[in-house]
Number of protein chains: 2
Amino acid sequence: MLSWEERRSLVKIANLYYNDGWTQEQIAKKLGVSRPVISKSLQKAREHKIIEIFIKDETVHTVNLEKKLEEHFGLEDAVVVPISGQTPDVVKLSVAQAGAYYLSKNIKKAKKMGISWGTTLEALVQEYPYEMKKNITIFPLEGGLGRKKVEIHSNQLAYELAKRLGGTCSYLYAPAMAESSELRERLMKMDDINAVLQEAATVDIALVGLSNPYVQSTLEDIGYLNQNDLEQLRQLGVVGDMGFRFFDLNGNPVNSSFNKKVIGISLEQLRNIKKVIGVVSGAHKAESVLAALKGNYINVLVLDEQIATELLYASE
Amino acid sequence: MLSWEERRSLVKIANLYYNDGWTQEQIAKKLGVSRPVISKSLQKAREHKIIEIFIKDETVHTVNLEKKLEEHFGLEDAVVVPISGQTPDVVKLSVAQAGAYYLSKNIKKAKKMGISWGTTLEALVQEYPYEMKKNITIFPLEGGLGRKKVEIHSNQLAYELAKRLGGTCSYLYAPAMAESSELRERLMKMDDINAVLQEAATVDIALVGLSNPYVQSTLEDIGYLNQNDLEQLRQLGVVGDMGFRFFDLNGNPVNSSFNKKVIGISLEQLRNIKKVIGVVSGAHKAESVLAALKGNYINVLVLDEQIATELLYASE
DNA sequence: AACTATATAGAACATATGTAAAAAAGGAGG
DNA sequence: CCTCCTTTTTTACATATGTTCTATATAGTT
């Protein structure tokens, strides 16, 4: 316990230092002591909570969540977007914007970049500013998905993003899912396809979405998965996918019948990319994200407050 | 005004620096920028009051005053803020900070909280840190006061505080003072209004300001009381008010013509709330506070040294 | 597309702060 | 009154921070 005398002195020093902006040297001179005494007094005042430093901003909460996510899952970066009572659509847009911002700040040195597919990434690309950074090539990470909703296909997103960056893009002229494993094999032997996939596996940055195939899934929406398929996936223990590659609770690849038909990079390959940025919105995806994190596929996560909270809660 | 991204980044840096004790160098490395950027960010954060340094200035003198106030008026707690030669504005801010600090340390178990109106409470709310304590609801204790100075209205303060606590709030969609007692009756019969007032009367904690209607009164400033009104109040022996409820020297409610027009909780109801925290600054309010204490409306008092001294002197 | 104006980041320097070890001061026991 | 021990202060050094000036990037304009 400090004496009142000492307390008074600490308060005085703290005031001169923090409120009046004096240097420790000046304070020392005024009080006729050496500078280290002032330095130590200030430390003591902090220890005894005579000086308290508050960080006061609405973003404090989400920034704390970010830090916890980074520590807990060994992420390079996490960006948590506040939901503040907004509808899922608005939140999704905010997440996309935050993703676009993050990307634009971190794309500097990248020469090659890959992009997956989906509605979240589509929104991200649309939000991306035109900034004419030459010398970048964007690669699609999977093939196309038929004629519906072309604007969310990997190829299309690669093209749009390249346009905004002033760079170029490659196309993967193949379906994301071949009709048979045999057809896939044949397509994979084609140079145009093979070369692009090889390159896609060696990008500096990959931008991916994540999905939960069972809830509000775009794959189901566009007719790629029917109830039977879903039942099959469920039986195999699938909890999520990234670019048609399904994984289980622990993030291990699940060898479904789809797996042999998919034309796109594998989970293994994805894991080897230095910087994989996952962009996710919607609480129903929490379980899928958790599994992907366990599988170590993701280095950077851009997500909404709600998923962030659930991830941390689930992994207590 | 700073963008969301920038504020987020400043908060992140401030957190690492002030809470986690990282050096600027370490932070710079982590974020991939040069050290001066961090130095400048911290300066910016200080300028924008994202970082606030609070010096808890308690001396023998103020602690003694607190103890005496507690004993003499049977208070649960008293917090006396030293004036140390500061201007009234600075003192008011210190009182508001102390109030915010006290509240944040004592709000833990509260599920429902009420808040009155006024410039002191506004400052308190602005000083309150964002801390995301879910499961609390804030209720306004009175209606609104016209179009002027909306930021000090009970409704607005309830909203702002709820935002900082991560909780929810109710609104009282009614004027603080109806044009006639007849209109008041009709409004009071409306479910939306009635229900909120009912709830407001059962909060765990109420945060109130006190005023002296005759000196530097905000009520007069915003045109709610004119000279005639004041004369009338004087004749009735009014020495202060809390939330438009006027009381006399002994703290007894005064049945002025206003009383029947006010939409807000009554002094009786206020007295029944377990923990009523009064936050007051400015010597001219000493008499009003004394009366309120006599009326037993207040359990905790946060005030400046000067009022504290006068209260004790007056009640020797 | 080229230019200018404006902002921003980084390198290098200047200053301020933190800390270990030596010196001095204070205090207790002989 | 001295000696030894403890505590505090100071000196000198190591680090960390703030600042200026230059280089670079960005935005706006013709």
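Predicted model only: the values in this text are computed from it and were never measured. Here is how names work: the chains are called A, B, and so on, in the same order as the sequence lines, proteins then strands, and each is numbered from 1.
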(request) Would you please confirm or rule out a distance under 4.0 Å between OP1 or OP2 of dT15(C) and any side-chain N or O of Q24(A)? (result) no
(message) Using whole Å, what does the distance between atom P of nucleotide dT9(D) and atom CD1 of I38(A) come to?
(response) 10 Å
(request) May I ask you to evaluate whether Q26(A) reaches the phosphate of dA16(C), defined as a side-chain N or O under 4.0 Å from OP1 or OP2? (result) no
(request) For the pair E160(A) and R164(A), find out whether any cationic side-chain nitrogen is under 4.0 Å from an anionic carboxylate oxygen. (result) yes
(message) Is R35(A) close enough to dA12(D) that one of its side-chain N or O atoms is under 4.0 Å from OP1 or OP2 there?
(response) no
(request) Provide, to the nearest angstrom, the distance between the CD1 atom belonging to I13(B) and the P atom belonging to dA9(C). (result) 10 Å
(message) Under 4.0 Å from OP1 or OP2 of dG18(D): is there any side-chain N or O of S39(B) that close?
(response) yes
(request) Ignoring backbone atoms, establish whether Y17(B) has a side-chain N or O less than 4.0 Å from OP1 or OP2 of dA16(D). (result) no
(message) Distance check needed: dA16(D) P versus L42(B) CG, whole Å only.
(response) 15 Å
(message) Quick test of your reading of the model: are R245(A) and E142(A) salt-bridged, counting only N-O distances below 4.0 Å?
(response) no
(request) Could you check how far NZ of K105(A) sits from C1' of dA25(D), rounded to whole Å? (result) 11 Å
(request) Let me know the distance between NZ of K29(A) and C1' of dT9(D), rounded to the nearest Å. (result) 18 Å
(message) Using a strict threshold of under 4.0 Å (side-chain N to carboxylate O), is an ion pair present between R8(B) and E66(A)?
(response) yes
(message) Does S34(B) reach a base, just sugar-phosphate, or nothing at all? Heavy atoms under 4.0 Å.
(response) base
(request) Nearest-nucleotide wise, let me know which of V37(B) and W22(A) is further upstream toward the 5' end of DNA chain C. (result) V37(B)
(message) Regarding E52(B) and K49(B), does a basic nitrogen lie under 4.0 Å from an acidic carboxylate oxygen?
(response) no
(request) Measure from CD on E25(A) to P on dA12(D) and round the result to the nearest Å. (result) 14 Å
(message) Using a strict threshold of under 4.0 Å (side-chain N to carboxylate O), is an ion pair present between K105(B) and D77(B)?
(response) no
(request) Return the value, rounded to whole Å, for the distance between atom CD1 of I51(A) and atom C1' of dT17(C). (result) 14 Å
(message) Looking at K40(A) and dT10(D), is any side-chain donor or acceptor paired with a base atom of the opposite kind under 3.5 Å?
(response) yes
(request) May I have the distance from I107(A) (atom CD1) to dA25(D) (atom C1'), rounded to whole angstrom? (result) 17 Å
